[in-house]
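Accompanying notes for the structure given below.
Values in this document were obtained by computation on a predicted structure and should not be read as measured data.
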Amino acid sequence: MVDLGKLWERLQTVHVGWVALGVLAYAVGQWLSAWRWWLLLRPVQLTVPYLRMVAFYFIGMFFNIFLPTIVGGDAVKAILLTRETGAPARSTMSVFMERNVGLLALLTIATVAAFFAPPVAVRGFNLLQLTLLVFAAFVAANIVLANRPAYRLVDYLVALTPLARIRSRAASLYEAVVPYREARWRGLLAAAIGQSFVFQGVVILVVSLNANALGLHPPVSALAVFVPLISLAGMLPISVNGLGIREALYLLLFGRIGVPADAAVSLALLYFAVTLAASLPGGVVYALQRGPRGRSGRMS
């Protein structure tokens, strides 16, 4: 349990300057993420101005505050891009791929860092086992999407189960990924993946800045594992914006390396405050929008 009195006392010691720097870093990271998404429009033959993509990205961040999971805003981004381009399948796929390359970076950083992080066990798994298990599942899913024989095998097995009714949706997803498998887009995908590593580094930096604001100094290797795992758990559709899940995992994981309960929860609340502050401009942009610009972004 967290002593609310101690929690309040801890929050009163926050050095606001570090938090403000975190807000700036997170906002810059979102601008870079919009660039990643903009790059991923090319393989699906969509053309939208970069600043328009930035606006969509920040609007998606704003709606993340109110929607289930920490990626609920992805649906909003897909809707906005669909209205802009008139291409729902390709718009949705670009959002999916933007999230997918982000997960690649997130899981890679967590897995590598787990080799150096302090020994921590969760549900009988140590951090390395846990990250390797999740990373293997991610790789397996992408092999199925990227490899036709693997996809056909999985499709055949699914047809034998009660999940057979989702085969048509899975087929649409598989076909939409096809453009990204073309050799000519490998350089573009490499750039998008590289940006994803930069953004995940920014997120870890934000948590480190928040820790400084509280006078905490957790090992960087621990941050590089904890932060991605907490982000991954926040994607589960069981809470709004990951609230509750995030705080519980901060309490669990940081508590295992000696961080007091009130400090761990304070760290979680500061991260929420940073993302909230960085997301609010998206609400302003959304309010000022006059609606979609038609279908000027669609290519002939």
Side-chain angles (χ1 to χ4, degrees), residues 22 24-44 46 48 50 53-54 56-58 60-61 64 69-78 81 90-115 131-132 134-143 145-146 173 176-177 179-182 184-209 220-221 223-236 242 271 274-275 278-279 282:
L24 177 61
Y26 195 84
V28 170
Q30 296 300 327
W31 275 76
L32 292 174
S33 293
W35 176 76
R36 174 180 66 199
W37 185 24
W38 179 71
L39 280 181
L40 292 170
L41 295 184
R42 291 180 61 192
V44 291
L46 296 176
V48 177
Y50 169 63
M53 298 297 287
V54 172
F56 291 166
Y57 212 97
F58 273 86
M61 287 174 57
N64 261 348
T69 87
I70 63 171
V71 294
D74 283 3
V76 175
K77 287 155 56 180
L81 185 59
R90 289 178 288 160
S91 297
T92 301
M93 182 46 52
S94 72
V95 174
F96 169 80
M97 285 302 296
E98 191 263 331
R99 180 62 59 183
N100 196 42
V101 297
L103 282 173
L104 173 61
L106 180 148
L107 292 172
T108 300
I109 290 173
T111 302
V112 172
F115 283 94
T131 55
L132 284 173
V134 176
F135 189 77
F138 172 80
V139 170
N142 276 271
I143 287 175
L145 286 176
L173 180 62
V177 173
Y180 293 100
R181 299 201 298 264
E182 296 179 11
R184 60 176 171 154
W185 301 122
R186 287 175 183 170
L188 181 146
L189 285 175
I193 292 170
Q195 188 284 333
S196 298
F197 278 95
V198 172
F199 176 69
Q200 293 304 326
V202 168
V203 175
I204 294 168
L205 172 63
V206 168
V207 178
S208 179
L209 292 171
V220 174
S221 58
L223 293 179
V225 182
F226 294 170
V227 173
L229 288 179
I230 293 169
S231 296
L232 190 66
M235 295 179 189
L236 297 174
Y271 184 77
V274 166
T275 57
S279 301

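The structure places CE of Met235 at 4.5 Å from CG of Leu103, a figure rounded to the nearest 0.5 Å. Interatomic distance, CG of Leu107 versus OG of Ser231, reported as 10.5 Å (0.5 Å rounding). With rounding to the nearest 0.5 Å, the separation of OG1 in Thr275 from CD in Gln30 is 9.5 Å. Rounding to the nearest 0.5 angstrom, the gap separating the CG atom in Leu41 from the CG atom in Leu188 is 9.5 Å. Here the CZ atom belonging to Arg42 is positioned 11.0 Å from the CG atom belonging to Leu189, to the nearest 0.5 angstrom. Between atom OG of residue Ser94 and atom CG of residue Leu81 there is a gap of 5.0 Å, rounded to the nearest 0.5 Å.
Take Phe226 and apply the ring-ring contact (aromatic ring centres under 6.0 Å, His included) test, not counting sequence neighbours, and it matches Phe254. Under the salt bridge (Lys or Arg N to Asp or Glu O under 4.0 Å) criterion, Arg99 pairs with Asp74, sequence neighbours left out.
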Ile109 and Ile204: side-chain contact (heavy atoms from CB on, under 4.5 Å), yes or no, with the steps?
CA-CA 10 Å; Ile109 290 173; Ile204 294 168; 3.9 Å; yes
Show your working on side-chain contact (heavy atoms from CB on, under 4.5 Å) between Asn142 and Asn100 and close with a plain yes or no.
CA-CA 9 Å; Asn142 276 271; Asn100 196 42; 2.7 Å; yes
Please evaluate residues Tyr57 and Trp35 with respect to the criterion side-chain contact (heavy atoms from CB on, under 4.5 Å), reporting the C-alpha separation (whole Å), side-chain torsions for both, the decisive distance (0.1 Å), and the verdict.
CA-CA 10 Å; Tyr57 212 97; Trp35 176 76; over 6 Å; no
Would you sort out whether Tyr271 and Tyr26 count as a side-chain contact (heavy atoms from CB on, under 4.5 Å), showing the intermediate values?
CA-CA 10 Å; Tyr271 184 77; Tyr26 195 84; 3.6 Å; yes
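Of all non-hydrogen atoms in Leu205 and Ala25, the two that sit nearest each other are CD2-CB, 4.5 Å. A pairwise comparison of heavy atoms in Pro228 and Leu223 identifies CD-O, 3.7 Å as the closest pair. Nearest heavy atoms, Phe56 versus Lys77: O-CG, 3.6 Å. Closest approach of Pro179 to Pro43, counting heavy atoms only: CB-O, 3.2 Å. Taking each heavy atom of Ala78 and Ser91 in turn, the nearest pair found is O-CB, 4.1 Å. Contact between Ala191 and Leu39 at its shortest, heavy atoms only, is CB-CD1, 4.0 Å.
For Tyr180 (side chain) and Leu40 (main-chain N/O), a donor-acceptor pair under 3.5 Å exists by modelled atom type. In terms of modelled atom types and a separation under 3.5 Å, the side chain of Thr111 and the main chain of Thr108 share no donor-acceptor contact. Without hydrogens or angle criteria, Ser33 side chain to Gly29 main chain gives a donor-acceptor distance under 3.5 Å. Looking only at distances, a side-chain donor or acceptor of Gln195 sits under 3.5 Å from a matching main-chain atom of Leu32.
Around atom CZ of Arg186, no more than 12 heavy atoms belonging to other residues, nucleotides or ligands sit under 6.0 Å away. Within 6.0 Å of CH2 in Trp38 there are 12 or fewer heavy atoms belonging to other residues, nucleotides or ligands.
Pairs engaging residues 187-199 under the salt bridge (charged side-chain N to carboxylate O under 4.0 Å, His left out) rule: none recorded [sequence neighbours left out].
No side-chain heavy atom of Ile143 sits less than 4.5 Å from a side-chain heavy atom of Phe138.
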